[in-house]
Each structure stands twice: as structure tokens, then as C-alpha cells.
There are 2 protein chains.
Amino acid sequence: MILSKTCNYAIRALLYVATRKSDNFVPVREISQKLDLSFHFLSKIHLILIQHHLTTSSRGVKGGVSLARPAEDITIYDIIEAVDGNAMFQNCVLGLENCSDDHPCPLHHSWSEYRLNLKKIFQEVTLADLAEKINNEQVRLSNITEILD
Amino acid sequence: MILSKTCNYAIRALLYVATRKSDNFVPVREISQKLDLSFHFLSKIHLILIQHHLTTSSRGVKGGVSLARPAEDITIYDIIEAVDGNAMFQNCVLGLENCSDDHPCPLHHSWSEYRLNLKKIFQEVTLADLAEKINNEQVRLSNITEILD
DNA sequence: GTAATTAAAGATAAAAGAGTCTTAAATCAA
DNA sequence: TTGATTTAAGACTCTTTTATCTTTAATTAC
């Protein structure tokens with residue numbers, strides 16, 4: 001797996017929040033039910049997202065989480081960086097410590113080019129882009145077919 | 001990290017064997033010393049490689065491991081597939097189970113194209129290609145600068 | 001103020017990945 | 001045959017990731 005499970009869940013959760021596009025907070029319970037994920041685990045993931053200023057939250061009856069800034073301004077890369085870090089986009093594919101153009105590993109050349117593309121793919125796409133696709137029912141967010149009822 | 005540590009070590013170990021290009025077996029002890037990796041851990045990794053018919057081995061005084069077929073016929077992809085499996089080259093980037101052209105996740109389109117490139121990069125390169133680079137001292141295999149003395 | 005609701009925080013546990021250690025088995029050399 | 005060498009195999013430990021459960025704190029509605 002390229003992304004950790006935690007990161008997968010984070011992306012899907014934020015996409016769900018983005019599709020709700022209400023001014024209100026979205027309860028974690030609702031997200032976990034709609035995406036069929038563990039409520040407690042998702043709560044924990046949200047702490048990370050809050051720490052990285054991707055979401056804000058409110059406790060209490062009308063509480064929940066919401067995006068910290070417009071969905072247009074949050075890329076998938078932002079989420080990956082917050083949860084999994086950016087090692088994937090920087091490190092040597094063979095795990096060597098000072099792999100560089102000057103001291104390359106055998107795969108350095110092809111990999112460093114590829115790595116940029118990987119970053120690009122995730123940076124080019126915002127939550128808004130994907131939320132629109134989801135709302136147009138062109139794509140899905142969960143193993144369960146219907147998530148938005 | 002895209003590849004597991006186990007997989008990194010496996011690739012580097014086989015590259016080392018390929019650079020030795022002797023008809024003899026190469027002791028795991030020698031590999032571990034030259035690559036600065038744990039001998040016992042590397043021994044374990046070699047069991048995987050042997051099971052997947054990437055290497056053969058011999059016990060005893062002149063024993064060790066050697067490539068099961070010519071270095072020209074072993075790609076980096078072969079090693080990755082043996083050690084880490086092929087989930088990375090097949091699975092949905094968001095971890096959805098039946099993500100496909102018919103039932104895509106929001107990232108399916110860009111990802112499925114990208115995934116093919118990823119596979120290609122590793123399939124295009126053989127141990128022989130990289131061993132040649134290493135022997136020409138264009139690249140390195142270890143954090144330690146000199147590995148071939 | 002009280003009760004219901006919801007995130008925050010922390011303790012705990014299960015599973016997987018990474019790494020170590022010991023013993024057994026095979027091979028070679030003398 | 002004996003001893004040295006080297007892989008094979010399995011038990012064991014440590015760390016990280018994933019997941020669960022419980023308690024606390026904040027917010028809202030009444």
C-alpha cells in the first residue's frame with residue numbers, strides 16, 4: 001500500500017465532510033457510520049488533522065468537525081503530508097540516507113523523476129474537485145455503494 | 001516509504017550478488033558486512049528470495065547464495081513482487097475493495113494510469129543494468145561510500 | 001442548572017513489521 | 001571421520017501501526 005490506512009481514512013473522511021458542504025459541523029459519528037469505519041479510530045485521526053490545521057472542531061450537541069479552509073484550498077497532498085509525512089516524496093527508493101544527484105543509488109535517476117509526478121498527482125487535486133465528482137455520483141467513497149442518503 | 005525495509009534490503013543484497021558476478025556462491029555474511037545490514041535479518045530475507053526462485057543457495061564451507069537465473073533476467077519488479085507483493089501495483093489508492101473503471105474512487109483515473117508507470121519503472125530495470133552502473137562506480141549501494149574493496 | 005450530546009485525551013490491546021538469537025542440518029577440507 | 005563453515009528454521013523480542021474502550025471536558029437545549 002502506498003498510503004497508510006490512517007491516511008486513507010483521513011482522506012475519505014475529509015472528502016465526506018467536503019461533500020456535505022453545510023456550514024455546520026459534521027459529527028465524527030456520522031462520518032464513521034457513512035464510511036463504515038471505526039468511530040474511535042476516526043476520532044483519533046481527526047486529532048492529527050486538527051493539529052495540522054486541516055480541520056476545526058466543536059464539542060457539544062451541534063458539534064463535530066469541519067474543514068479549516070475552503071475545500072478548494074485543501075489538496076490530497078496536504079492530507080498525506082499531515083498524516084504520513086513527506087518521506088515518500090523525498091526519500092531514496094532504496095532507503096539510502098544521502099542519495100542525491102551527486103551520490104545516486106542505482107535507481108536514483110528514474111525514481112527522482114517519478115517521485116515528482118507522484119507529488120504532482122496529489123497536489124493537483126483538491127477536496128473540492130473530488131467532492132464535486134462524488135456529488136455527481138461519478139465516483140464513490142466507500143465499499144458500501146450508497147453513502148449519501 | 002514506498003518499499004518495505006525488507007524489500008530494500010533484498011534489492012540491495014541481490015544487487016551486491018550481481019556485482020560479484022562470480023560463479024561461486026556469495027556468503028550472506030559477506031553481503032551483510034559489505035552492505036552494513038544485520039546478518040540474521042538478511043538470512044531471513046534470503047529464505048523469501050529462495051522460496052520465490054530468485055536465488056539458490058548452498059550450505060557449508062564454500063556455500064552462500066547466488067542468483068537463480070542470469071542478472072539480465074531478474075527485474076527490480078520481480079524482487080518487489082516477491083517480498084512486498086503486488087498490492088501496490090493493483091490496489092485502489094484509497095483502499096477501496098472493488099475500485100474499478102466501473103466503480104471508481106475519486107482518484108481512480110489518475111491513479112490507475114500512474115500505477116502502470118510505477119510498475120513499468122521497476123520492470124524496465126534488471127539487476128544486470130544496475131550492477132553495471134555500480135561496477136562503473138556511477139552509483140552506490142550502501143551508505144558506506146566504498147563497498148567493493 | 002440539568003441532561004443530552006459530542007470531541008479530547010489517555011489507557012490498553014491486538015496485529016504486523018523489523019530484528020535478534022539459538023539450534024539443526026548440510027557441505028567441504030583435512 | 002572430524003571439525004570448521006555456512007545456510008535453514010524456528011523461537012523470541014522490540015517497535016510501530018491499527019484498533020478499542022473509558023473517562024473527561026465542552027457545548028447546546030430545555
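Chain letters run A, B, ... following the sequence lines, proteins first, then strands; residues in each count from 1.
At a threshold of 4.0 angstrom between heavy atoms, the contacts of S43(A) with the nucleic acid are absent.
When the nucleotides dT20(D), dA4(C), dA18(C) are ranked by their closest atom to the side chain of V61(A), dA4(C) comes out on top. Of the candidates dA19(D), dT7(D), dA4(C), dT7(D) carries the atom nearest the F39(B) side chain, counting heavy atoms from C-beta on. Here dT18(D) is the nucleotide among dT18(D), dA18(C), dT6(C) with the atom lying nearest to any side-chain atom of K5(A). Candidate nucleotides dT7(D), dA8(D), dA7(C) were compared by shortest atom distance to the side chain of L47(B), and dA8(D) ranks first. Here the side chain of H40(A) is nearest to one of dC21(C), dC21(D), dT7(D), namely dC21(D).
The side chain of K62(B) places no N or O atom within less than 4.0 Å of a non-bridging phosphate oxygen (OP1 or OP2) of dT5(D). At dG19(C), one or more side-chain N or O atoms of Y9(B) fall inside 4.0 Å of OP1 or OP2 (strictly under the cut-off). Close to dT6(C), at under 4.0 Å from its OP1 or OP2, lies no side-chain N or O of S58(A). Within the structure, a side-chain polar atom (N or O) of S57(A) is placed less than 4.0 Å from OP1 or OP2 of dA8(C).
In this structure, M1(A) places its CE atom 15 Å from C1' of dG17(C), rounding to the nearest Å. We find that CD of E30(A) is positioned 13 Å from C1' of dT6(C), with the value rounded to whole Å. Going from atom CD1 of I48(A) over to atom P of dA9(C) covers 13 Å, rounded to whole Å. Taking atom CG of residue L42(A) and atom P of nucleotide dT20(D), one finds them 11 Å apart after rounding to whole Å. Distance I50(A) CD1 to dT6(C) C1': 12 Å, rounded to the nearest Å.
On a pure distance criterion of 3.5 Å, a polar donor-acceptor pair joins the side chain of K44(B) and the base of dG19(C). One can find a donor-acceptor pair under 3.5 Å joining the base of dT7(D) and the side-chain atoms of R59(B).
Exactly one of N86(B), I76(B), L54(B) qualifies for a side chain to side chain contact (heavy atoms under 4.5 Å, CB included) with E81(B). That residue is N86(B).
Residues G63(A) and G63(B) each lie close to DNA chain C; by heavy-atom proximity, the contact nearer the 5' end of the strand is made by G63(A).
Checked by atom type and distance alone, the side chain of D78(A) pairs as donor or acceptor with a backbone atom of T75(A) at under 3.5 Å. The backbone N or O of M88(A) lies less than 3.5 Å from no partner atom in the side chain of R115(A), so there is not a single donor-acceptor pair.
Between F122(A) and F89(A), the ring planes are perpendicular. Angles over 60° get that label, and only those under 30° would be called parallel. Using the six-membered ring where Trp is involved, F41(B) and Y9(B) have ring planes that are perpendicular, over 60° apart on the 30 and 60° scheme.
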